[in-house]
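Every value quoted in this text rests on a predicted model; they were computed, and no experiment measured them.
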Amino acid sequence: MAPSSTGTGNGLSIRPHTHVTDHLAESTTAIQPPALIYVSKRRYIYLGRNQLRIRDLHSAASSLLVCLEGSIRFRSQGDHHWIGAKSVLIPAGSRISIENNGGVMSACYLDAATPDFQLLKKKMESVAAGIYYNLTNEDQMATGLSRLREEAPDFSEAQRRVELLIGECCDDAGASIDPRIAHVIKRLRDTAALNLSVKTLAEEVGLSESGLIRLFSTHIGAPLRRHRLWYRLVEFVTLTLSGVPTAMAIKRSGFTDASHLSRCYSGFFGVSFSYAFSKNTNARYIIEAPEHNSSH
């Protein structure tokens, strides 16, 4: 059964009866309000309600995890030492294991076309094996995200608030992103389902293929092709929540087949695709309203 939906003006609010949250498995009770997820190719926001069980992650997009209650432990691949934290900044391309110690978590996948990651990195007090943790103003961030979860504003307002929270926690003086990378990110977002060649993208920004590959990895962290899979996955989630049948959504979002989708879903979100769409979780999704062409 397709999820029911209602318009919200600046977004499409979708309240699936039994959908799991986007990237973390979450158990529910009959009376508990739903987790809240803002689905976007820019800042993808998850606001949980109770303890989350997370698998190993192999990220394709940078993300900020903030515990709204409690804490978590994490370790990078190959490291046997667990580190406790209430906030963790995970660079794109990282492999990380997370163990939940009863924490209620939020996660914001950052907009790669903005200096989000660079700004937040400067405000993380500690780093271990390339994973940053202990945001200087983590309590302020957690309070703002908790308020966002409770008030559940429309899509545009939620995005505005998260941008303000990042700005309030960080000094954005002098922060910028290479315009060539910003152009490529926009192209990847707008054409995620297509296989635009690296050569084509490189020519558009006046670089060689090898030059673009090096520049992209330096700025984003994940390889270009892997980062494109992130936008495909968001496109798949959006199509599925909009009622498109799974097989068609897989094809339209650019995945090779269901196995390819499943591997990406598990790696990026920390829970298997089959579990994510099982009847175990109460969640409210808010997706960005599609742009309408004024000409008919």
Side-chain angles (χ1 to χ4, degrees), residues 2-24 26 33-49 60-66 68 104-117 119-120 141-169 182 185-186 188-193 230-244 249 252-253 265 268-269 276-277 281-294:
S4 60
S5 62
T6 57
T8 62
N10 290 316
L12 181 64
S13 175
I14 299 182
R15 296 175 176 83
H17 298 294
T18 55
H19 275 303
V20 84
T21 58
D22 50 84
H23 83 292
L24 304 169
E26 178 171 14
L36 184 64
I37 303 101
Y38 290 91
V39 179
S40 173
K41 291 180 181 177
R42 291 174 173 82
R43 295 188 183 101
Y44 191 115
I45 306 162
Y46 164 83
L47 303 166
R49 286 286 179 180
S62 298
S63 61
L64 175 68
L65 306 185
V66 178
L68 307 182
V104 175
M105 292 181 58
S106 68
C108 178
Y109 291 88
L110 305 173
D111 185 352
T114 72
D116 281 0
F117 179 80
L119 292 173
L120 288 165
M141 179 69 76
T143 297
L145 292 172
S146 294
R147 184 178 299 116
L148 179 64
R149 181 189 63 185
E150 300 311 313
E151 296 178 2
D154 65 30
F155 181 91
S156 294
E157 176 62 14
Q159 294 292 321
R160 187 189 71 83
R161 290 193 193 184
V162 169
E163 184 168 358
L164 284 175
L165 281 172
I166 293 174
E168 289 170 358
C169 289
I185 291 296
K186 184 178 185 305
L188 292 177
R189 277 199 308 238
D190 294 345
T191 63
W230 164 248
Y231 299 119
R232 289 182 178 178
L233 191 57
V234 177
E235 179 70 10
F236 168 80
V237 172
T238 301
L239 291 170
T240 300
L241 294 174
S242 300
V244 177
R252 285 177 55 181
S253 56
Y265 202 104
F268 299 171
F269 286 148
F277 288 89
T281 298
N282 178 26
R284 178 185 176 192
Y285 294 82
I286 299 178
I287 63 177
E288 188 172 11
E291 296 181 1
H292 298 287
N293 195 320
S294 58

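- Applying the side-chain contact (heavy atoms from CB on, under 4.5 Å) criterion to Thr114, with sequence neighbours excluded, gives Arg43, Asp111, Asp116.
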Query raised in the report: Where do Arg49 and Arg149 land on the side chain to side chain contact (heavy atoms under 4.5 Å, CB included) test, with the steps shown first?
Result: CA-CA 9 Å; Arg49 286 286 179 180; Arg149 181 189 63 185; 3.7 Å; yes
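- Here the closest non-hydrogen pair linking Ala35 and Gly48 is CB-CA, 4.3 Å.
- Rounded to the nearest 0.5 angstrom, Leu148 CG and Ser106 OG are separated by 9.5 Å.
- Here the side chains of Ile37 and Tyr44 are in contact, with some heavy-atom distance below 4.5 Å.
- Put simply, the side chain of Tyr265 reaches to within 4.5 Å of the side chain of Val237, judged on heavy atoms.
- Separation of atoms CZ (Arg284) and OH (Tyr38) is listed at 6.5 Å; rounding is to 0.5 Å.
- The side-chain heavy atoms of Ile286 and Asp154, taken from C-beta on, include no pair separated by under 4.5 Å.
- Take Glu168 and apply the salt bridge (Lys or Arg N to Asp or Glu O under 4.0 Å) test, not counting sequence neighbours, and it matches no residue.
- The minimum heavy-atom distance between Leu233 and Phe268, with the atom names listed, is CD2-CD1, 3.5 Å.
- Two residues are said to be in side-chain contact when any heavy atoms from C-beta on lie closer than 4.5 Å; Arg161 and Glu151 meet this criterion.
- You'll find the side chain of Arg42 reaches within 4.5 Å of the side chain of Arg189, heavy atoms only.
- In this structure, the side chains of Val234 and Ser40 stay at 4.5 Å or more apart for every pair of heavy atoms.
- Across all their heavy atoms, Ala107 and Leu65 have their closest contact at CB-CD2, 3.4 Å.
- In this structure, Arg252 and Ala193 approach most closely via the heavy-atom pair O-CB, 3.1 Å.
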Query raised in the report: What do the steps show when you test Phe155 against Val39 for side chain to side chain contact (heavy atoms under 4.5 Å, CB included), and what is the final call?
Result: CA-CA 9 Å; Phe155 181 91; Val39 179; 6.0 Å; no
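- With hydrogens and angles ignored, the 3.5 Å screen pairs no side-chain donor or acceptor of Ser242 with any backbone N or O of Val244.
- The one candidate from Leu239, Thr240, Thr238 that meets the side-chain contact (heavy atoms from CB on, under 4.5 Å) condition with Phe236 is Thr240.
- Under a 4.0 Å N-O distance rule, the pair Glu157/Arg160 qualifies as a salt bridge.
- Residues Ile45 and Gln159 meet the side-chain proximity criterion, which asks for heavy atoms closer than 4.5 Å.
- Here the CG atom belonging to Leu64 is positioned 10.0 Å from the CG atom belonging to Leu165, to the nearest 0.5 angstrom.
- Going from atom CD1 of Ile185 over to atom OH of Tyr231 covers 4.0 Å, rounded to the nearest 0.5 Å.
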